[in-house]
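Chain letters run A, B, ... following the sequence lines, proteins first, then strands; residues in each count from 1.
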Protein chains: 2
Amino acid sequence: MSTSTGDGRRSGAETRAQILRVALRLFTEKGYEATSTRDISEELGLTKSSLYYHFRNKEEILASLTAQRRQDVTELLDWIAAQPRTADLPLRAALRWVSATTPENLQAMRMAHANQPLMRRLTASGQDVRSAFGEVVDALAGEDADPRRRLLLRMAFDTAGAALLSAQGTDAAPEDVIEAARAATVALAGALTAPEGQGDGA
Amino acid sequence: MSTSTGDGRRSGAETRAQILRVALRLFTEKGYEATSTRDISEELGLTKSSLYYHFRNKEEILASLTAQRRQDVTELLDWIAAQPRTADLPLRAALRWVSATTPENLQAMRMAHANQPLMRRLTASGQDVRSAFGEVVDALAGEDADPRRRLLLRMAFDTAGAALLSAQGTDAAPEDVIEAARAATVALAGALTAPEGQGDGA
DNA sequence: GTCTATAGGTTGATAGAC
DNA sequence: GTCTATCAACCTATAGAC
């Protein structure tokens with residue numbers, strides 16, 4: 001029966017999870033600034049004040065939604081460091097990254113995309129997912145590679161985000177998005193190892 | 001000498017253009033909702049009220065920034081309709097689209113990306129740039145193509161947006177972004193005509 | 001854990017003088 | 001064309017009762 005107390009109260013963890021679920025959806029649909037704490041609380045049948053029992057402030061709700069992502073990038077960096085530096089390492093690394101994307105990850109990415117300026121602000125003041133990619137690119141392409149090559153490599157990792165962008169307004173399922181992203185990663189990484197033409201002639 | 005009146009006033013068109021320039025930057029940096037009319041006016045040495053002489057309301061400023069984009073898609077559609085339906089038409093069409101991207105277009109795209117939820121709202125209530133791409137995809141792939149193929153084709157057109165996404169936080173110049181987008185379009189369109197492997201075997 | 005009540009501040013927008 | 005003055009609406013967040 002969970003930890004319900006019998007009257008209108010719920011377990012702390014349960015309510016907290018509900019708040020996060022609703023906030024994730026509203027922050028994505030309407031944007032963080034356009035979503036008021038009132039919007040969130042009313043949808044749960046609570047008052048604004050009750051929200052402040054579970055979270056210090058509105059931004060902490062967002063932080064809880066964002067946490068636990070840089071860890072993944074760090075693991076990827078460790079994995080790359082342990083790999084033999086073969087020519088197809090960029091492809092294997094990017095494919096590993098994109099293949100690890102789950103539908104839950106997609107929804108978090110949607111939210112991040114829907115609040116770009118805000119995420120940029122948080123980025124500047126602490127932990128960052130996107131800037132960590134700079135290290136990944138450095139590890140794979142070297143800091144001396146030309147900007148166009150570096151950007152293309154980055155795009156090979158970012159195909160999930162790109163697919164999400166293109167899928168906007170369509171009825172594409174999360175699985176379609178991930179599959180298209182994988183295909184795009186293969187294509188982009190391939191272009192990096194054979195930049196000119198599509199045959200293998202000179 | 002322009003149309004300055006000699007005292008503190010400026011020509012209407014001139015002030016209007018300045019407002020649009022500042023708004024484009026602030027809407028991109030901070031987001032539409034987080035940018036107040038006060039932010040815009042103060043940066044120009046005006047009062048909020050003066051803004052309302054040039055624009056009916058805040059949203060009309062955004063609309064002025066957004067206008068004149070669907071035209072481009074319509075032209076693309078006409079061009080596609082007039083082309084022979086060869087196997088490389090998707091590549092040629094997507095490349096034509098991406099190649100026509102200017103640094104000015106990039107900045108407008110940046111702004112659109114920074115305000116996804118709002119743009120989606122405007123989309124639902126009238127003219128739309130993104131949904132028009134559905135027609136492009138239909139014309140090139142047919143409505144019967146599987147979702148993964150359709151999405152991949154869409155991504156081949158959306159490489160400028162994807163490159164912009166990946167370029168965030170880097171020092172990539174607009175020209176680098178456009179060049180990387182072109183390369184990505186070639187790679188993605190290539191993957192569409194030869195979906196399996198990178199050789200040309202079965 | 002949730003409520004009512006309210007503090008304290010910002011916002012978009014309008015009226016009317018100059 | 002720009003200003004001052006003002007408004008109603010809304011926001012985040014806190015205090016304190018239950």
Side-chain angles (χ1 to χ4, degrees), chain A residues 1-24 26-27 29-66 115 117-118 121-122 125, chain B residues 1-24 26-27 29-66 115 117-118 121-122 125:
Chain A
M1 289 299 179
S2 164
T3 50
S4 170
T5 57
D7 62 44
R9 300 174 197 168
R10 308 159 231 204
S11 106
E14 193 183 333
T15 304
R16 197 187 146 93
Q18 287 180 334
I19 292 172
L20 288 175
R21 235 188 39 235
V22 171
L24 176 59
L26 292 183
F27 288 171
E29 289 175 0
K30 320 200 322 173
Y32 176 83
E33 342 261 355
T35 300
S36 66
T37 53
R38 193 163 160 261
D39 292 330
I40 301 173
S41 60
E42 274 186 355
E43 192 141 335
L44 290 170
L46 296 179
T47 59
K48 291 185 298 168
S49 294
S50 295
L51 253 52
Y52 285 88
Y53 173 83
H54 298 278
F55 296 91
R56 202 177 307 261
N57 51 44
K58 189 185 173 187
E59 198 162 305
E60 202 191 77
I61 300 180
L62 183 78
S64 295
L65 253 20
T66 305
N115 295 283
L118 182 61
R121 238 193 56 211
L122 296 185
S125 70
Chain B
M1 296 296 178
S2 166
T3 50
S4 170
T5 57
D7 61 47
R9 300 175 200 170
R10 306 158 232 204
S11 108
E14 192 183 334
T15 305
R16 196 185 147 94
Q18 286 178 334
I19 292 172
L20 288 175
R21 234 188 41 233
V22 171
L24 176 59
L26 292 183
F27 288 170
E29 287 174 3
K30 319 200 323 175
Y32 177 83
E33 342 261 356
T35 300
S36 65
T37 53
R38 194 162 159 263
D39 292 331
I40 301 172
S41 61
E42 273 187 355
E43 192 140 333
L44 290 170
L46 295 180
T47 59
K48 290 186 299 167
S49 295
S50 295
L51 254 50
Y52 285 87
Y53 173 82
H54 297 279
F55 296 92
R56 201 178 308 258
N57 51 42
K58 189 185 175 187
E59 199 162 302
E60 202 190 79
I61 301 180
L62 183 77
S64 296
L65 253 19
T66 306
N115 296 282
L118 181 63
R121 239 192 56 209
L122 295 186
S125 69

**Q.** Any T35(B) side-chain N or O less than 4.0 Å from OP1/OP2 of dT11(C)
**A.** no
(Q) Between P on dG12(C) and CG on L46(B), what's the gap in Å once rounded to a whole number? (A) 16 Å
**Q.** Listed partners of T47(B) passing side chain to side chain contact (heavy atoms under 4.5 Å, CB included), at least two apart
**A.** S49(B), S50(B)
Q. Got a sec, which residues hit side chain to side chain contact (heavy atoms under 4.5 Å, CB included) with R38(A), two or more places apart in sequence or on another chain?
A. S36(A), E42(A), K48(A)
Q: Have a look at S41(B) and say if it touches a base, only the backbone sugar-phosphate, or nothing, with a 4.0 Å heavy-atom cut-off.
A: nothing
(Q) Please confirm whether the shortest side-chain N or O distance from S50(B) to OP1 or OP2 of dC3(D) is below 4.0 Å. (A) yes
Q. Roughly how many Å is it from CG in D39(B) to C1' in dT11(C), rounded to a whole number?
A. 11 Å
(Q) Is there a salt bridge (charged side-chain N to carboxylate O under 4.0 Å, His left out) between R121(A) and E59(A)? Walk through the geometry before answering. (A) CA-CA 12 Å; R121(A) 238 193 56 211; E59(A) 198 162 305; 3.2 Å; yes
Q) How close or far is atom P of dA13(C) from atom CD1 of I40(B), stated in whole angstroms? A) 11 Å
**Q.** Selection: residues 52-65 of chain A, any non-hydrogen atom under 4.0 Å of DNA chain C
**A.** Y53(A), H54(A)
Q | Residues in side-chain hydrogen bond (donor to acceptor under 3.5 Å, both in side chains) contact with E60(A), at least two apart in sequence or another chain | A | R56(A)
Under 3.5 Å between N/O atoms: give me all the protein pairs with nucleotides 5-10 of chain D, atom names plus distance.
residue : atom : partner : partner atom : Å
dA5(D)  : N6   : S49(B)  : OG           : 3.3

(Q) As an exercise, state the distance from NZ of K58(A) to CG of L62(A), rounded to the nearest 0.5 Å. (A) 9.0 Å
**Q.** Separation between CG of L51(A) and CD1 of I19(A), rounded to the nearest 0.5 Å
**A.** 4.5 Å
Q. Which residue pairs pass the ring-ring contact (aromatic ring centres under 6.0 Å, His included) test when at least one of the two sits in residues 35-58 of chain B, sequence neighbours left out?
A. none
Q. Distance-only, no hydrogens or angles: does the N115(A) side chain make a donor-acceptor pair with backbone N or O of F27(A) under 3.5 Å?
A. yes
